[in-house]
Every structure is written in C-alpha cells, then in structure tokens.
Amino acid sequence: MSATIRTETGSTHAAFLGVGAYRPSRLVPNSEVVDAIDSSDEWIQQRSGIKTRRFAGEDETVVSMAVAASQKALDAAGIDAQQVDAVIVATISHLIQTPSAATAIAHALGTAQPAAFDISAACAGFCHGVALANDMVRGGSARHVLVIGVEKLSDITDPTDRGTAFIFADGAGAVVVGPSDTPGIGPVVWGSDGEHYDHIRTPDWRDVLAAGGGMPNLSMKGNEVFRWASYGMAKVAQQALDRAGITADQLDVFVPHQANNRITDTMARALRLPDTVRIARDIIDAGNTSAASIPLALDRMIADGEAKSGDLALLIAFGAGLAYAAQVVTVP
Ligand SMILES: CC(C)(COP(=O)(O)OP(=O)(O)OC[C@H]1O[C@@H](n2cnc3c(N)ncnc32)[C@H](O)[C@@H]1OP(=O)(O)O)[C@@H](O)C(=O)NCCC(=O)NCCS
C-alpha cells in the first residue's frame, strides 16, 4: 500500500492585524499637469475628483516605498519582521522584470527568508493578495503574511496623454494578515473579463524597442473602463456582501479602489449604502495609485478616526485585465 501524504491546516480564521502606508513627499497639484494635456483644474476635479496627487522622487522606489509602508503595518500589528512567513507584492510598476520586488522588500525588512513573490492583477492586485493571504493563513502554509500594494506609476505614465496623465500616481500600502479568533476576512468574489484584455495596458516591450525605445507607458480606454467599473462592479461588491452574510446597513466603511470619485458615487448608489457608511475619498489628494489605493485609503481612514477597530469594511478593487476582487474585512 502506498503511503498517504500528511496534510496541514492553519488557523480557523484570519484577519488584518495591522495597516501601514507610505505617501511620497512631492505633492503634485492639477496646475502642474494641466498644460501638457490642455486641461484644467476644474475639468479634472469634476471628472475624477482629483485635486492633487503624489509623485515619488528618484530616491523613492517601489522597494523603498513598500518597505516603509510594511514597517508601519508590522508595527501596527505588533509583529516582528522575523515572524513574517510570506510577502505578497501587488504591483505593475516594478520595472525590473525579475527577480520580484517581494524578495528585495522581504530582505530589506529583515525577515527570515519567507516565501516572497509579486502578483500582477493591476488595480485589483491588493484584494487578490488579501484573498491569497487569507487562504494561506487558514490553509496552514503561512501564519503571518505581509500583503503590499505599491506603485510608482509616474514612471510609466506619459505626461502628455490626456486620458491618463492626470489620473495615475505613486504610493504604497500594506497589511499584515494573520490568525484570528473570529472571522476577519470574508469570502472573496473575484474574476476577470479577458475579452477586454487591452482596455488598460502597457505596450509589448518588443514594440517599444522597435519604435526606438522609451518607457512602456500605460494607455487606457477611459470611457469603456468607466462604464464597466460603474455598472459591473457594484454587482461584484453586492456579491461580496452577500457571501459574507453582511447587509449594507451593517457596513461601517466602504473602501473601493480609488479610480475615480464618480465611479465610487455610482457604486455607492447602486449598493444603496446608508449615510452611516463612511466612504473612502483618498483619490482627492492621492490620485489613482492602482494596487496601493485601497491600503492607502484604509490607512488614512484609520488615522482620521473614520474607520475604527472592529468596523466592517467592504473592499473592492478593479482594473486592467479586466480583473476584479472584493471582500468584506474587519478593520484592525
Ligand atoms: C478618464 C475619464 C476621467 C475621462 O472622462 P470622460 O468623461 O469619460 O471623458 P471623455 O473621454 O468622454 O471626454 C469628454 C470630453 O472631455 C475632453 N477631454 C478628455 N480628456 C480631457 C482632459 N484630460 N482634459 C480636458 N478635457 C478632456 C474630451 O475631448 C471630450 O470633449 P468633447 O465633449 O468636446 O468631445 C473617465 O473616462 C474615467 O474616469 N475612466 C475610468 C478611469 C479609471 O478608473 N481608470 C483606472 C481603472 S483601474
């Protein structure tokens, strides 16, 4: 008789144990981007909600910003770097194809050689990372997982492109996911609509080189993405609530990906969120930081007292792919 493989399970429940964020020092108001795209502060605010954003300097890299955010998340969780079993980094702007940013971040944090890898799910990346971390802690493959969303999109945004130059920005956010006595992360609702694979994308490197070089800048079919996100994502968010057994009036906080305030408004209306639900509006002075936007927004809400420990928060992230993921979590 052949031997049977022994399996392991982890904690019954997992939760966010701590949140941290890093915002680059340079504030970039709309007035700084409008000339190159023949736009105005008024147009940008009206169409997106953005007043200002932050661009990282030369010394603020994907790795350094992620390390700073992660250290704050570890401190908030009361977890030493040596206790981290896995580091998951959601990013599309680490411009070194290999190795992953995660291995460098893990090393810089002083961890004890954890599993470390990057995931590519664009603006939906953070919620994908949370879903993986939840399953890893409950499945027994890790006890403490650092989930990081980090972007330096200013590197891959064409300042003369009217459709993207005023939207994308830089920053980092992180959470520690670990064991919990009570459920702290609800079932993920995730998926992808690959039929619209090229609605938001960077070019093939080979085409960039054939055209004489330059950066692989993002391009976006803004109208199509707007419609898809505004009308499709509320359904996904509702499914995440239903799967977690939470009703809109039991919710305390709504933290959607900070893509555009008008998308957030449409989703909030479709979900019939009562006035008591605090809604993240970090985009106003952070811009769209892709994978970093949800942990940045959540960190701000905790700092401002808008999200309190034990509050129920609905997270939903969506973007290139078109990929999406949503779950209900408790605020640490
Ligand atoms: C990008 C976005 C703000 C553009 O807003 P919009 O209302 O769709 O704008 P449109 O492309 O329909 O253009 C409307 C008008 O504004 C003009 N316009 C477009 N870009 C402009 C700019 N940057 N500044 C000023 N005017 C602009 C257009 O020329 C057009 O003018 P017209 O009516 O005279 O023809 C919007 O499509 C959007 O938010 N998309 C989704 C973005 C997103 O979430 N991305 C990330 C997903 S992860």
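In each ligand, atom 1 is the first atom listed, and ligand 1 is the first ligand listed.
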For ligand 1, run through the N/O pairs with the protein that fall under 3.5 Å and put one pair on each line.
{"unit_1": "ligand 1", "atom_1": "7 (O)", "unit_2": "Arg47", "atom_2": "NH1", "d": "2.4"}
{"unit_1": "ligand 1", "atom_1": "7 (O)", "unit_2": "Arg262", "atom_2": "NH2", "d": "3.4"}
{"unit_1": "ligand 1", "atom_1": "8 (O)", "unit_2": "Asn223", "atom_2": "OD1", "d": "2.8"}
{"unit_1": "ligand 1", "atom_1": "11 (O)", "unit_2": "Asn223", "atom_2": "ND2", "d": "3.4"}
{"unit_1": "ligand 1", "atom_1": "12 (O)", "unit_2": "Asn223", "atom_2": "OD1", "d": "3.3"}
{"unit_1": "ligand 1", "atom_1": "12 (O)", "unit_2": "Asn223", "atom_2": "ND2", "d": "3.3"}
{"unit_1": "ligand 1", "atom_1": "16 (O)", "unit_2": "Trp43", "atom_2": "NE1", "d": "3.4"}
{"unit_1": "ligand 1", "atom_1": "23 (N)", "unit_2": "Arg162", "atom_2": "O", "d": "3.0"}
{"unit_1": "ligand 1", "atom_1": "24 (N)", "unit_2": "Ser39", "atom_2": "OG", "d": "2.6"}
{"unit_1": "ligand 1", "atom_1": "26 (N)", "unit_2": "Trp43", "atom_2": "NE1", "d": "3.4"}
{"unit_1": "ligand 1", "atom_1": "26 (N)", "unit_2": "Arg162", "atom_2": "NH2", "d": "3.3"}
{"unit_1": "ligand 1", "atom_1": "29 (O)", "unit_2": "Arg162", "atom_2": "NH1", "d": "3.4"}
{"unit_1": "ligand 1", "atom_1": "37 (O)", "unit_2": "Gly222", "atom_2": "O", "d": "3.1"}
{"unit_1": "ligand 1", "atom_1": "39 (O)", "unit_2": "Asn260", "atom_2": "ND2", "d": "2.5"}
{"unit_1": "ligand 1", "atom_1": "40 (N)", "unit_2": "Gly222", "atom_2": "O", "d": "2.9"}

Listed by chain and number, what are the side-chain hydrogen bond (donor to acceptor under 3.5 Å, both in side chains) partners of Asn223, not counting sequence neighbours? none

Give me the one residue out of Thr289, Asp170, Asp282, Asp285 that meets side chain to side chain donor-acceptor pair (under 3.5 Å) with Arg23. Asp282

Would you say that Leu74 contacts Val176 through its side chain, given a criterion of any heavy-atom pair below 4.5 Å between the two side chains? yes

Report the relative orientation of the aromatic rings in Phe16 and Phe126; use parallel for angles under 30°, tilted for 30 to 60°, perpendicular for over 60°. perpendicular

Taking Asp198 first and then Lys221, would you say they form a salt bridge - that is, a charged N and a carboxylate O separated by under 4.0 Å? yes

Worked check of side-chain contact (heavy atoms from CB on, under 4.5 Å) between Asn288 and Gln258: CA-CA 6 Å; Asn288 176 337; Gln258 300 290 286; 5.9 Å; no

